[in-house]
Number of protein chains: 4
Amino acid sequence: MKRQQILDAAYTVFSRKGYHCATVDEIVALADTGKGTVYNYFVNKEQLFYTLIKERSAAFEAKLDITASLAEPPLSKVEKVIKVFLEFYTANADLWRVLMHEMRGLGNEEKGLTQAQREKYREKFRHSISILEKILQEGIEQGAIRKCDVHKAAHGLFSVIVMTVFQGCVGQTADSIDAAARSIADIFLYGVAARHG
Amino acid sequence: MKRQQILDAAYTVFSRKGYHCATVDEIVALADTGKGTVYNYFVNKEQLFYTLIKERSAAFEAKLDITASLAEPPLSKVEKVIKVFLEFYTANADLWRVLMHEMRGLGNEEKGLTQAQREKYREKFRHSISILEKILQEGIEQGAIRKCDVHKAAHGLFSVIVMTVFQGCVGQTADSIDAAARSIADIFLYGVAARHG
Amino acid sequence: MKRQQILDAAYTVFSRKGYHCATVDEIVALADTGKGTVYNYFVNKEQLFYTLIKERSAAFEAKLDITASLAEPPLSKVEKVIKVFLEFYTANADLWRVLMHEMRGLGNEEKGLTQAQREKYREKFRHSISILEKILQEGIEQGAIRKCDVHKAAHGLFSVIVMTVFQGCVGQTADSIDAAARSIADIFLYGVAARHG
Amino acid sequence: MKRQQILDAAYTVFSRKGYHCATVDEIVALADTGKGTVYNYFVNKEQLFYTLIKERSAAFEAKLDITASLAEPPLSKVEKVIKVFLEFYTANADLWRVLMHEMRGLGNEEKGLTQAQREKYREKFRHSISILEKILQEGIEQGAIRKCDVHKAAHGLFSVIVMTVFQGCVGQTADSIDAAARSIADIFLYGVAARHG
DNA sequence: TATGAATGAGTCTTCATTCAT
DNA sequence: AATGAATGAAGACTCATTCAT
């Protein structure tokens, strides 16, 4: 119970302040617990952050895998999977923004995240993108998507999704997410160029 | 001279460590100067960071404006402007990643950047995106680009460019940038959907 | 307990060095504690100083009020109250000298004391002097003291007391204080001029 | 010429900020000169301060000596000498307040003033007080002043003068100074006690 | 298990002083 | 003589982490 309180508080504080500006003191105050308690459940600030990310993304990753393996026409599957992404990212936009920043840090091992830790985070993103690749590849094989570098295309799609969210272009309502998913899918699939003929 | 040494060192350290983990001590060590010297030229760490951003982006912004006002077919102008973006962002990827993170309201007013300061940074991005909008709008008027929400489309394009760079998908060579620009323009303009007829 | 150790050390260091030259490091060393501990109990150096003043003067102020309200002949009450002042000021001469210096608007708002803080300190002195005024006024009403501007006279008396202490003219022994009190009272009440008649 | 500009600026800044909060930068800015120039004329901040004190008090000390050796009735000589004090101290109140504070510092030799330096300052005050003693002693010998500890009495008188000034009870006009001198002389000579008979 | 007082390494920033021009 | 860029020692304050209760 205390553990969950701490994780919830950590979610709020990390989201608001970023990894470095978030202080254990603030998390503790919000979690209504003692500072020592945090260190009973988590070995340090970094591992608290990691645990938070892991637990928050678990359900999303499961849903992503399921969506990818549905039997469905490629183009509509693309839109569906975009929606799954948007649902998760809009709900966790702030925390994930923080995560994406911290992942970079070629910084020293002392501050910021450990190199090893960072690799774990990166793996998560790679997994997500590989799902998109798989779907695109499927589409190509079925002739619904034109031949292209699926890796780059998947990356591009992922980027647009993430940026759309991070730029605050999507609301949190189901409708808003639906509309954004359609809009992204439309541009991604058909481009912005005028079609002649 | 010392001023430039400091700015160069700051570029390296901020890029590697991010704004918070970068220490003045490290910048000073790399710049091969005394700590006091930094404070002779810059009022504090934040203003050093800001100056860095401003000086690094000046040439880029000028070039962007010029490119936007060239008389040229819309579609090829899109590709050209994408190239301008890519050239700048690949050369400054790490620092801009840091900037984009700090710009978010994260962190308290004390640490991190001032609210007022952040607004200045945001203005830079707004300007870049407005250039894209202008070009797209031009394309629509000339019938080269299909009607769409230019603001959203510009945002999307900007996002793809930035993300492409930040994901490390582009090398620093002119060839690599050319290829990436073409690839982004291609997907952005024509989408990934197979064209039938 | 640590709190008291810190206050005791702060008393010594502030008394010896003055507000500005006193360093937290030195206080910490003397208090035999860690630097962070100081900041657990006091928000900053200034508030540590203020707390010190407040706690040290509390007992004195209480005693002053009591002495002022005793039923006693005015002239002997004047001597008594002078003694109360001397007892306190001789015991805290160094720290109070520091306080009186800092109270002046000297120094910028950043360093030194806040304007607001200074006002609090000044209030303490105003209170002390008003007690003297009250006693002198009483004396005038009872015909024991000749009519004069009580505010100025109280100020003058206060000044003599404080200066006597600050000039180091009084020892710490009860006898020394008694003698000084009598001497001050004598000159203040009867002047130094020879009386003819 | 530069030398005098620096001394004038130093007077202003030391008076306003106190010894420690005054910065060489500020003095230099006010003196409209270069920082190095200060160190051409004065060996360091402390010696600049000392020089300032010395030059400012020279005329006063001369006048004091003259006044003391005038052939004049003791009581009126007391009032005259009080006036000399008041004239000087009201004109230099802020700087002398600063001086009196710095003189104390039992502080370390590093910051604040040197022990040796402090002794020089103290000597100045001792001299002033000894003048008062001399006048009082003269008065006693001539029967105008009742027998008392002249050292203590001189100290007391000096204290009242200084405090009167420091408390801001005296204006800078000749009239204000005259009035204050008479008032101090009156209380000092005749006391505040009612005279019966 | 829960707590929070204690800690000190690490950070930014200031400022008197020097010295080459 | 005049200058001001360069310097670094020193100081206030923060915060993740520990450990005794």
Side-chain angles (χ1 to χ4, degrees), chain A residues 1-3 5-6 20-29 31-48 108 110-111, chain B residues 1-3 5-6 20-28 31-46 48 108 110-111, chain C residues 1-3 5-6 20-28 31-46 48 108 110-111, chain D residues 1-3 5-6 20-29 31-48 108 110-111:
Chain A
M1 195 200 58
K2 284 283 173 189
R3 199 189 109 101
Q5 280 175 35
I6 292 168
H20 285 104
C21 291
T23 67
V24 176
D25 271 323
E26 202 172 354
I27 293 171
V28 155
D32 193 32
T33 184
K35 207 191 290 211
T37 311
V38 169
Y39 289 88
N40 284 338
Y41 289 109
F42 308 96
V43 308
N44 57 23
K45 191 180 166 184
E46 175 176 342
Q47 195 253 348
L48 167 59
N108 44 359
E110 314 305 315
K111 314 286 300 286
Chain B
M1 194 201 59
K2 284 283 173 185
R3 199 190 110 102
Q5 280 175 37
I6 292 167
H20 285 104
C21 291
T23 70
V24 175
D25 271 329
E26 199 173 355
I27 292 171
V28 155
D32 191 32
T33 185
K35 207 186 295 208
T37 310
V38 170
Y39 289 89
N40 283 341
Y41 289 106
F42 308 96
V43 307
N44 55 26
K45 190 180 164 184
E46 173 176 342
L48 167 59
N108 39 5
E110 314 305 313
K111 320 278 302 280
Chain C
M1 194 200 58
K2 283 283 171 185
R3 200 190 110 102
Q5 281 175 36
I6 292 167
H20 285 104
C21 292
T23 70
V24 175
D25 271 328
E26 198 172 355
I27 293 172
V28 154
D32 192 33
T33 184
K35 201 185 301 205
T37 310
V38 170
Y39 289 89
N40 282 341
Y41 288 106
F42 309 95
V43 308
N44 55 26
K45 191 180 164 184
E46 174 177 341
L48 167 58
N108 41 3
E110 314 305 314
K111 320 277 302 281
Chain D
M1 194 201 58
K2 284 282 173 189
R3 199 190 108 103
Q5 280 175 37
I6 292 168
H20 285 103
C21 291
T23 67
V24 176
D25 270 324
E26 202 172 353
I27 292 171
V28 155
D32 193 32
T33 184
K35 208 191 289 211
T37 311
V38 170
Y39 288 88
N40 284 339
Y41 289 107
F42 308 96
V43 308
N44 56 25
K45 190 181 166 184
E46 174 177 341
Q47 195 253 351
L48 166 60
N108 44 359
E110 314 306 316
K111 314 285 300 286

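We name chains A, B, ... by the order of the sequence lines, and we start the count at 1 in each one. Since the model is a prediction, treat every value here as computed from it, not as a measurement. Values reported hereafter were calculated over all heavy atoms of this structure, with side chains retained and with hydrogens, waters and symmetry mates removed.
Of the nucleotides present, F/dG4 is the one that pairs with E/dC19 by Watson-Crick or G-U wobble criteria, both distances under 3.5 Å. The partner of F/dC13, taking Watson-Crick or G-U wobble pairs whose two distances both stay under 3.5 Å, is E/dG10.
If you check every strand for non-hydrogen atoms under 4.0 Å, B/A22 touches sugar and phosphate atoms only.
In this structure, CG on D/L48 lies 9.5 Å from CZ on D/R3, to the nearest 0.5 angstrom. Going from atom NZ of C/K35 over to atom CD1 of C/I27 covers 11.0 Å, rounded to the nearest 0.5 Å. A distance of 11.0 Å separates CD in D/Q47 from OH in D/Y39, rounded to the nearest 0.5 Å.
Near DNA chain E, meaning a heavy atom under 4.0 Å away, the residues from residues 32-44 of chain D are D/K35, D/Y39, D/N44.
In this structure a side-chain-to-backbone donor-acceptor pair under 3.5 Å is missing from B/K2 to B/Y41.
Regarding contacts with the backbone of F/dA16, a side-chain N or O of A/K45 is found under 4.0 angstrom from either OP1 or OP2.
What separates NE2 of D/H20 from P of F/dG11 is a distance of 11 Å, to the nearest Å. At whole-Å resolution of the value, CD in A/Q5 and P in E/dT1 are 16 Å apart. Taking atom CD of residue A/E26 and atom P of nucleotide F/dC15, one finds them 10 Å apart after rounding to whole Å. Protein atom CD of A/E46 is 18 Å distant from nucleotide atom P of F/dC15, rounded to whole Å.
When every heavy atom of D/C21 is checked against every heavy atom of C/H20, the shortest pair comes out as SG-NE2, 3.5 Å.
The only member of A/T23, A/T37, A/V38, A/I6 that meets side chain to side chain contact (heavy atoms under 4.5 Å, CB included) when paired with A/V28 is A/V38.
Taking the nucleotide of DNA chain F with the nearest heavy atom to each of A/D25 and D/K2, the more 5' of the two is matched to D/K2.
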